[in-house]
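Letters go in sequence order (proteins before strands), and every chain restarts at 1.
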Protein chains: 2
Amino acid sequence: MPIHKDPDPKGRAWPLFLATHSRLMERIEDALARAKLPPLAWYDVLWELEKAPDQRLRMHQLAERIVLSRSNLTRLADRLEAAGLLRREPCPDDRRGSFCVITQAGLDTRKTMWPVYGEQIEVLFARHLSVAEAEMLVKVMTRMLVVKQE
Amino acid sequence: MPIHKDPDPKGRAWPLFLATHSRLMERIEDALARAKLPPLAWYDVLWELEKAPDQRLRMHQLAERIVLSRSNLTRLADRLEAAGLLRREPCPDDRRGSFCVITQAGLDTRKTMWPVYGEQIEVLFARHLSVAEAEMLVKVMTRMLVVKQE
DNA sequence: AAAATATAGTTGCAATTTCAACTATTTCAT
DNA sequence: ATGAAATAGTTGAAATTGCAACTATATTTT
């Protein structure tokens, strides 16, 4: 059985990368919505806070970890705070800034979201990867993330 | 030189995938904006139309190719049309529908955007892939895209 | 051939995102 | 120490997105 080599795998990889991302996100958001759960962005915030030392992060740390503009994060945090999933606390060292601290309700919500989210990751993504492929993906994407602007 | 295997490459791959996508999109949009060019979504639409037979597509075909909700696409097309980059034409076979047809200005704009966009793809993405890695990426992502809902 | 159902695309409205401007500190360079 | 520049975070206003409802036409069922 002859193998037909793709004449330009690099040229095809990028559009596929974009399409895959859109499609997977669409499905994940849909699964969360069907389960009456908050959107993925909320999960990201909650999870970063839960992992963080003292379960708290400054706004800018959070913004950089979840790759979100500052103003965007301010309002995302507003919504999470309004829902009681986090609270803001003044920062003693720097009176300009504040911490976001995850609340018990936030921990609970994150835990409730995980089975739904995790199942989608498995079905849509992980299932299609061998361990070797996953390792290669990690290597490749790590390289891409390291690139400095300009 | 000992190799330290990642204990859980699959678990790391997904968050990295999300982060890589955000970061790369951010950089690309930024590069386009700095060059006073339209956003990436416009490029996608123009390129799909340019490639299409007769340089035209029905709204639903376009929506499915660029992975965008219908209503979202209606308004994206409105903007492109307002900018003179495409025009709508009634569909003779189906009086509910219409075609989007790319205009000469649309072809020109797509061509102007490409060097900027293409350079970012190279610098941020393609440069970090060997041919073998690109081939693997294509294989893996193709699998993921084939998954049927439910 | 009528009624029921499905598909194409648009639109109102509310939610979210973006951009630029703004306040309040903090840090740096004289 | 003082003024200039940088950083933290928020906010108003405009642009974009998403959801649900809606119009119009096509297709299927009886």
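Toward the 5' end of DNA chain C, the nearer of the two residues Ala41(A) and Asp93(A), judged by each one's closest nucleotide, is Ala41(A).
Every residue two or more places apart in sequence or in another chain that forms a side-chain hydrogen bond (donor to acceptor under 3.5 Å, both in side chains) with Arg96(B) is listed here: Asp94(B). With sequence neighbours left out, Ala105(A) forms a side-chain contact (heavy atoms from CB on, under 4.5 Å) with Leu85(A), Thr103(A). Legend: residues meeting side-chain contact (heavy atoms from CB on, under 4.5 Å) with His128(B), ordered by chain and number and at least two apart, are Arg143(A), Met144(A), Val147(A). Lys51(B) meets the side-chain contact (heavy atoms from CB on, under 4.5 Å) test with Trp47(B), Glu48(B); sequence neighbours excluded. Residues satisfying the side-chain contact (heavy atoms from CB on, under 4.5 Å) test with Met113(B), not counting sequence neighbours, are Leu32(B), Leu37(B), Pro38(B), Tyr43(B), Thr109(B). Phe125(A) is linked by a ring pair (Phe, Tyr, Trp, His ring centres under 6.0 Å) to Trp14(B), Phe17(B), counting only residues two or more places apart in sequence or in another chain.
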Please produce a list of atom pairs where a protein N or O lies less than 3.5 Å from an N or O of nucleotides 13-16 of chain D.
none

Got a list of protein N/O to nucleotides 23-25 of chain D N/O distances below 3.5 Å?
unit_1: dT25(D); atom_1: O2; unit_2: Arg96(B); atom_2: NH1; d: 3.3

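Considering only heavy atoms from C-beta on, Trp42(A) comes within 4.5 Å of Arg79(A) through its side chain. Taking 4.5 Å as the limit, every side-chain heavy atom of Leu46(B) sits out of range of all side-chain heavy atoms of Glu50(B). Between Pro90(A) and Arg95(A), the closest side-chain pair of non-hydrogen atoms is not below 4.5 Å.
Axis angle between the ends of the helix from dA1(C)-dT30(D) to dT30(C)-dA1(D), five pairs each and rounded to 10 degrees, works out to 30°.
Listed by residue number, the members of residues 45-55 of chain B with any heavy atom below 4.0 angstrom from DNA chain D form an empty set.
Listed by first and then second residue, the salt bridge (charged side-chain N to carboxylate O under 4.0 Å, His left out) pairs involving residues 99-108 of chain A amount to none (not counting sequence neighbours).
Taking atom CD on Glu26(A) and atom P on dT17(D), their separation rounds to 14 Å, with Å as the unit.
Between the CD atom in Gln61(B) and the SG atom in Cys100(B) there is a gap of 10.0 Å [rounded to 0.5 Å].
Looking at Arg12(A) and Asp8(A), no side-chain N of the basic residue comes within less than 4.0 Å of a carboxylate O on the acidic one, giving no salt bridge.
Bracketed by its first and final contacts, the part of DNA chain C lying under 4.0 Å from non-hydrogen atoms of chain A reaches from dT16(C) to dT26(C) in 5' to 3' order.
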